[in-house]
Every structure is written in C-alpha cells, then in structure tokens.
Amino acid sequence: MTDLHSHLRDRILTTLAGLGIDRAAAEPMVRLDPPKNRDHGDVALGAFQLAKLAGKAPPALATELAAMITSDAIVESAAAAGPFVNFRFRREALAREVLTAIQSDAVPYGKANQHGQTVCIDFSSPNIAKPFHIGHMRSTVIGNALCRIHRHQGATVHGINHLGDWGMPFAKMMTAYMRWGNEAELHKSPMRYMFDLYKRYSVEAKQNPALDDEAAKHFQALESGADNQERRMWQLLRDESLKAFQGPYARLGVTFDHITGESFFEDKMEAAMARVSASGVLEDSEGAQVVWLKELGIKEPCLLRKSDGTTLYHTRDLAAAFYRETTFHPDRILYVVGAEQKLHFDQLKGVLTKMKEPIAKAVEHVPFGLVLSKTDEGKWEKFASRSGNAVFLDEILDEAVAKVRSIIREKNPDLPNADEVAEQIGVSAIIFNDLKNSRIKDVKFDWESMLNFDGETGPYVQFACARLSSILRKVEVSVPDSDQIDFSLLADAERVLLTMMDFGTAVQRAAEQSEPSHVTGHMIALAGEIHSYLREHYVVGEAPAIQNARLVLVDAARRLLTTGLGLLGIAAPERM
RNA sequence: GCGCCCGUAGCUCAAUUGGAUAGAGCGCCAGACUACGAAUCUGGAGGUUGGAGGUUCAAUUCCUCCCGGGCGUACCA
C-alpha cells in the first residue's frame with residue numbers, strides 16, 4: 001500500500017467513525033481497489049459490507065461518504081456511483097509519490113530489506129542423461145522468476161536444482177550405454193548421443209521386457225554403494241550431462257544456489273526411512289514398504305521402498321525435505337514441477353503430515369501445464385520425447401535469435417553489437433512467452449506465434465525500454481532529482497503513473513501465488529501506457545520545466561521496466 | 001471407474017480472489033512516420049463466459065449435476 005492509499009484509507013476510517021461505525025470493525029472492509037474502468041477514478045471503495053455495518057443501503061452510505069470526504073492535499077475528489085465511491089488523487093501528489101519512490105529505489109519498486117522469511121525453490125530438476133528440450137524449460141524459467149521475485153520481496157532464497165540423477169530412468173540410460181554405447185561417440189555430442197541411446201532403449205524395451213529387469217539389476221548394484229562398474233558409469237554419464245546442461249542454463253541466465261540432485265540423498269535415505277518407521281506410519285504391503293494416506297483422502301499409498309529393497313523418488317524427496325528443514329529452516333518449500341505430478345506431492349505432504357512433521361506445512365507444489373505441439377489434423381497433443389518429436393531448446397532459441405537478427409538488419413542496420421543484442425532479445429522472447437500466461441495453462445507451441453514479436457511479447461516491453469533509453473541519451477542533460485521538478489506538469493501522465501502504482505501489488509501477488517504472469521502482465525500494461533504516452537508527449541526540446549518533469553517520468557519508467565524484466569530473468573537492452 | 005485440472009471473441013489469453021458496461025494481443029478492416037525508435041500508436045467489426053439448476057443485493061469467479069478436452073491413478077520420475 002502506498003502513502004496515498006494509507007492517507008485515503010485513514011480519512012475514510014475517520015469519516016466512518018464520525019458516522020458511528022467502529023473503526024476496528026470497519027478496518028478490514030475498507031478495501032481500495034482499482035476500479036473496473038479507470039475513467040471512474042483512481043481507486044474505488046465498494047460500500048456493500050460497510051453499509052450492512054451501518055444499517056444503511058449501500059448507495060446511501062456511498063453518497064454520504066462522498067459528501068463528507070472533502071478534498072485535501074492528496075485527495076482531489078470523492079464521487080458516489082451507486083454503491084461505489086470513486087476517489088481521485090491530486091495529480092501532483094500522485095506524481096510526487098510514485099516518482100520519488102521509484103527514483104530512490106524505495107519499496108516496493110526497489111528491493112525490500114530482509115524480512116526473515118526463507119524460501120526454498122526446487123526447480124528445473126531435469127532428468128540428466130536426457131537432452132534439454134522445450135519441456136524442461138517451463139520449470140526452469142518459472143522457478144528462476146520465482147527466485148528473483150522472492151528475493152525482491154526480501155526473502156532469503158535457496159534456488160535448488162534437484163537433478164534427476166538416480167533411480168530407474170538413469171539405470172535405463174546406463175543399460176543402453178553398456179549394451180550399445182562407446183565413449184568416443186559420447187564425447188563428440190553427449191546430449192544427442194544419450195538421447196539416441198535413450199530412444200533406442202525405449203523402442204527395444206517394448207519388444208524385450210527383459211531389458212527393464214536388466215536395468216533394475218544395474219540400479220540395485222548402483223545403490224549397493226559398492227565401487228563397481230555401475231558406479232563408474234553413473235559418474236561418467238552424470239558428469240557429461242551436467243556439463244551439457246551448462247549451455248542452456250547460461251543462455252537462459254539461470255543460476256542455482258545448490259545443485260543437489262537425487263544422488264545427493266543416497267546416504268540420507270536410510271535415516272529418513274528410520275524416521276518414518278519410528279513415527280509408526282510405515283507399513284508392509286505386498287513386499288514393499290508404504291505409508292497409507294486414506295484418512296487424508298488419498299487412496300494410493302505412498303511407496304517408500306520397493307520389494308527388491310531399492311528406494312524410490314518419494315524416498316529421496318522425503319530425505320530432501322528433512323535435509324532442507326535442518327539446513328535452511330524454510331518457511332516455504334516450492335516444488336516447481338508439472339501438474340501431472342500433483343499426486344506425488346500430495347503424497348509427500350501427506351506422509352509428512354501423518355508423521356506430524358512441522359515441515360509438512362511448508363511443502364507447496366507449484367504445478368504448471370504441459371507443452372503441446374500441433375498435429376497435422378490441427379489438434380494439440382503432448383510432446384513425446386520418445387517418439388522423437390521433441391524440440392530441443394537450443395533449436396528454438398536459435399530460431400528466435402535468427403529472426404531477431406533479421407529484424408535488426410532491416411530496422412536498425414547500424415546497431416553495434418547486433419549479434420549480442422539479437423541473442424538477448426531472442427532468448428527473452430521465448431522466456432517471456434513462457435511466463436506470459438497463468439502457469440497452469442498448457443503452452444501451445446507453434447513456430448508462427450512463437451516468432452511473432454508484435455503485441456504482448458518480450459520484445460514489445462524491451463522496445464519500450466529502448467525508446468526510453470534513447471530519449472535519455474538524446475536529451476544530453478542528466479535526470480534531475482525528483483524534488484527539483486514541478487509535479488503538476490505531469491497531470492497528463494496519469495495513466496502511466498497509475499499503472500506504475502500497481503507494480504507492488506503485481507509483484508506481491510506473484511510471490512504469494514507463485515505466479516510470475518502477474519509480473520509479466522504488469523510489464524505489458526506499463527509498456528503499453530509508455531508507448532501511448534510517448535506518441536503524444538515529447539521530451540527533448542520542450543520548455544526546461546516540462547522537459548525536466550518528463551525526464552524524471554521517463555527515467556522512472558525505464559527503471560521500473562528494467563526491474564520488472566529483471567524479476568523475470570530478462571535483460572533490458574539500451575538499443576535494439 | 002475414481003481423483004484432479006482446463007473450458008471466456010475465429011485463435012491465444014486477462015479479469016486484482018464475489019463487485020460497476022467481461023478486457024487485451026494475434027488475425028481481419030480503416031487510419032497515423034520531413035520532432036525524442038512504426039518491434040509503435042489511433043479507431044472498427046467480433047461474446048448466451050461449454051450447458052442446466054442453486055446460493056447472493058451482486059456469479060466468469062462459490063455449490064450441485066451434466067457435456068467436452070487433458071493429466072493422474074503402488075513397486076517410473
């Protein structure tokens with residue numbers, strides 16, 4: 001809430017008290033939201049609940065309030081519209097409040113001080129020994145944005161890459177390599193080579209189920225802890241994959257605080273199992289060890305040990321939860337993992353709940369939709385990496401970058417470091433596209449819309465930044481301190497200013513709901529207002545007082561867009 | 001079968017968590033570059049919010065049932 005809001009809120013509460021309405025009772029009912037239509041006013045108050053408290057009809061109370069809240073240094077007007085009261089702030093006060101805060105990097109526009117909350121974010125977590133394709137990108141990009149958003153909000157963040165470097169998928173890879181692989185080929189192009197091996201395994205395992213038994217034996221041997229052929233193989237394949245992942249991560253600008261894959265918990269699983277057992281919830285069932293969760297509304301039991309004695313995904317996640325609890329003391333643990341794994345995380349949380357472990361309440365699955373591709377019949381279907389129609393991330397990024405490069409060649413042929421900028425813009429376009437919609441929505445992957453940079457896209461927002469940077473370059477004077485300008489000259493920038501004022505709410509909602517699209521949406525809105533404003537308002541060469549006032553506005557907009565894009569993991573180039 | 005998710009303009013999506021006349025982009029049509037960047041801007045057409053009930057002063061939002069699509073459903077992750 002900004003100072004303007006709290007001032008208005010205080011005046012409303014005082015006025016209500018004058019009408020005999022208890023301040024404490026009214027407090028939660030005074031919600032100041034942006035009105036549906038900004039022409040109505042800057043903020044609106046719905047008088048429905050308050051009217052009940054006052055024993056009056058909502059329109060009557062709204063009229064009364066509007067009449068009693070007279071204008072002051074901050075509030076310009078209050079007008080009743082049916083059961084609503086619409087308020088307008090003085091344009092001067094609005095501009096001063098917003099621009100001064102942005103210029104001084106004050107919260108929420110700038111980073112908040114540490115507020116004591118600790119958030120673990122488990123994201124990306126690819127199955128190594130498989131190529132990094134479009135499907136891996138969602139968790140990576142969403143998780144990265146959440147890390148940045150929470151840091152901005154003042155949380156201590158632990159970004160964790162929980163690599164899938166253990167278990168059956170890895171054992172299958174190993175089996176394929178032992179049968180058909182050779183090291184020279186592997187080193188040439190590790191990702192492609194391993195992907196081909198994996199595909200071959202999948203095909204042959206369908207004909208020959210004995211392959212899966214072989215893989216299970218290899219996994220048993222690996223998990224025995226002995227220094228054997230399997231362990232050396234595991235080390236080799238893991239090293240190669242991890243090296244290969246550095247490429248995509250570097251291009252996407254993603255970093256991790258901890259790379260602790262499933263194998264990291266190899267020596268921590270027995271202790272975890274002992275803890276489950278000691279809590280009395282572990283049961284034997286059909287030769288396996290499970291936890292039943294029927295009383296929590298989950299029919300399927302959570303398997304923690306297979307009948308052959310080996311562990312499962314759940315076992316490792318449980319060990320990881322305990323480890324994170326003692327190491328990081330998190331308030332929240334966010335698992336940025338596809339929606340198809342909802343049951344898995346319900347079970348994980350369920351087991352911890354049944355064990356009466358306090359950490360249970362911190363466990364939060366952050367699900368997201370699938371990446372779909374279009375069939376020849378025009379239907380959308382899941383990308384199947386096995387059938388080989390997977391699109392590799394590098395291919396997509398390269399296409400986007402090439403398209404950007406050709407646009408630059410056409411529109412801005414003299415741009416220095418054009419290749420570098422093309423890389424930034426192209427990669428950003430793909431990231432932005434992934435963060436644009438609610439994460440639960442499936443992403444419909446099609447080249448045409450992916451490579452269209454008109455409208456609500458990353459380049460649209462970046463272009464706004466570039467225009468603003470261009471103005472700041474051309475004006476050839478420095479941006480004045482905000483206390484040196486005449487804010488009343490910015491009355492015509494009200495739409496920009498009101499949009500800027502929503503930044504904090506957008507980021508806060510993104511953090512609370514683990515939903516980066518709130519930030520993305522706000523960036524589109526702000527860029528749109530800027531583009532419109534710049535069309536009709538010039539900066540360079542205006543009368544000094546006007547030029548100075550607009551310079552502060554332009555600078556603030558550029559700062560805010562840069563900050564917002566930064567929260568999404570996207571760069572804001574000065575030229576493009 | 002059961003559980004969960006999704007269904008809003010031709011297409012892709014919003015709608016500040018129950019509030020005012022449901023908003024954007026793409027595509028389509030018509031306009032705007034001899035002043036700071038046209039990857040832009042300004043207009044226009046386009047809606048029974050899948051359907052039927054219910055709760056409420058108020059429902060795209062909550063409840064029930066149905067329809068359509070998807071995901072999941074104990075020794076994979």
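Here is the naming used below: chain letters follow the sequence lines, and residue numbers restart at 1 for every chain.
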Requested in this report: Could you check A:R439, A:K444, A:R138, A:K441 and say which one makes a salt bridge (Lys or Arg N to Asp or Glu O under 4.0 Å) with A:D434?
Outcome: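 Going through A:R439, A:K444, A:R138, A:K441 one by one, the salt bridge (Lys or Arg N to Asp or Glu O under 4.0 Å) with A:D434 is satisfied by A:R138 alone.
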Query - A:D502 and its salt bridge (Lys or Arg N to Asp or Glu O under 4.0 Å) partner, picked from A:R38, A:R495, A:R509 - result: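 Single salt bridge (Lys or Arg N to Asp or Glu O under 4.0 Å) partner of A:D502 among A:R38, A:R495, A:R509: A:R38.
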[X] bridged to [Y] by N-O distance under 4.0 Å:
X: A:K217; Y: A:D212; result: no
X: A:D39; Y: A:R88; result: no
X: A:K354; Y: A:E295; result: yes

Look at the aromatic rings of [X] and [Y] and report parallel, tilted or perpendicular, splitting at 30° and 60°.
X: A:F84; Y: A:F48; value: perpendicular
X: A:F265; Y: A:H162; value: tilted
X: A:W447; Y: A:F445; value: perpendicular

What's [X] touching, base or sugar-phosphate or nothing? Going by heavy atoms closer than 4.0 Å.
X: A:K299; answer: sugar-phosphate
X: A:L312; answer: sugar-phosphate
X: A:S517; answer: nothing
X: A:S470; answer: base
X: A:L472; answer: nothing
X: A:D442; answer: sugar-phosphate
X: A:A339; answer: nothing
X: A:R550; answer: nothing
X: A:G167; answer: sugar-phosphate
X: A:S307; answer: base
X: A:Q341; answer: base
X: A:Q462; answer: nothing
X: A:R575; answer: base

With [atom1] as the reference atom in both, quote the distance from [N] to [M] in angstrom, rounded to an integer.
N: B:U60; M: B:U21; atom1: C1'; answer: 15 Å
N: B:U61; M: B:G18; atom1: P; answer: 11 Å
N: B:G1; M: B:U48; atom1: P; answer: 31 Å
N: B:C62; M: B:C6; atom1: P; answer: 9 Å
N: B:G50; M: B:A9; atom1: C1'; answer: 15 Å
N: B:U34; M: B:C29; atom1: C1'; answer: 29 Å

Closest nucleotide among [options] to the [X] side chain:
X: A:K444; options: B:A74, B:A77, B:C13; answer: B:C13
X: A:F463; options: B:C41, B:A38, B:G72; answer: B:A38
X: A:H531; options: B:U40, B:A39, B:A74; answer: B:U40
X: A:K342; options: B:C36, B:U42, B:C4; answer: B:C4
X: A:S438; options: B:A14, B:C36, B:C4; answer: B:A14
X: A:N437; options: B:C2, B:C13, B:A74; answer: B:C13
X: A:M168; options: B:A15, B:U40, B:C76; answer: B:C76
X: A:F48; options: B:G37, B:C57, B:C36; answer: B:C57
X: A:K441; options: B:C4, B:A74, B:C13; answer: B:C13
X: A:N127; options: B:A77, B:C36, B:G37; answer: B:A77

Query raised in the report: What about A:R535: does its side chain form a donor-acceptor pair under 3.5 Å with the base of B:U40?
Result: yes
Report task. Please tell me if the side chains of A:R575 and A:V421 come closer than 4.5 Å, counting only heavy atoms from C-beta onward. Result ->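 No, side chains not in contact.
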Query - Test item: A:T457 and A:N452 side chains (from C-beta on) under 4.5 Å apart, heavy atoms - result: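 Contact flag for A:T457/A:N452 side chains = no.
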Report the distance from atom [atom1] of [X] to atom [atom2] of [N], rounded to the nearest whole Å.
X: A:E340; N: B:A77; atom1: CD; atom2: P; answer: 15 Å
X: A:F265; N: B:A77; atom1: CZ; atom2: C1'; answer: 16 Å
X: A:Q347; N: B:C76; atom1: CD; atom2: C1'; answer: 13 Å
X: A:D446; N: B:C13; atom1: CG; atom2: P; answer: 11 Å
X: A:D346; N: B:G72; atom1: CG; atom2: C1'; answer: 11 Å
X: A:I546; N: B:C36; atom1: CD1; atom2: P; answer: 18 Å
X: A:R473; N: B:G37; atom1: CZ; atom2: C1'; answer: 9 Å
X: A:K382; N: B:C5; atom1: NZ; atom2: P; answer: 18 Å

So, is [X] close to the [N] phosphate, meaning a side-chain N or O under 4.0 Å from OP1 or OP2?
X: A:K474; N: B:A35; result: no
X: A:Y460; N: B:C41; result: yes
X: A:R467; N: B:A38; result: yes
X: A:W292; N: B:A74; result: no

Pairing partner (Watson-Crick or G-U wobble, both distances under 3.5 angstrom) of [N]:
N: B:A38; answer: none
N: B:A14; answer: none
N: B:C65; answer: B:G51
N: B:C71; answer: B:G3

Requested in this report: Mark up nucleotides 20-29 of chain B, 5' to 3', with B wherever a protein heavy atom is under 4.0 angstrom from a base atom, S wherever such an atom reaches only the sugar-phosphate, and - elsewhere.
Outcome: B---BSSS--
Query raised in the report: A:Y198 ring centre to A:K172 NZ or CZ under 6.0 Å, with the angle to the axis within 45°?
Result: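 Judged by the rule (NZ or CZ under 6.0 Å from the ring centre, within 45° of its axis), A:K172 is not positioned above A:Y198.
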Query raised in the report: By ring pair (Phe, Tyr, Trp, His ring centres under 6.0 Å), which residues pair with A:F432, not counting sequence neighbours?
Result: none
Query raised in the report: Does B:A35 have A:Y538 stacked on its base, where the ring centres are within less than 5.5 Å and the planes differ by under 30°?
Result: yes
Report summary line: Between A:E286 and A:V404, whichever has its closest RNA chain B nucleotide further toward 5' is A:V404
Report task. Specify the glycosidic conformation (syn or anti) of B:C33, with syn defined as within 90° of 0. Result ->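 Judged by the O4'-C1' to base torsion, B:C33 sits in syn, the angle falling within 90° of 0.
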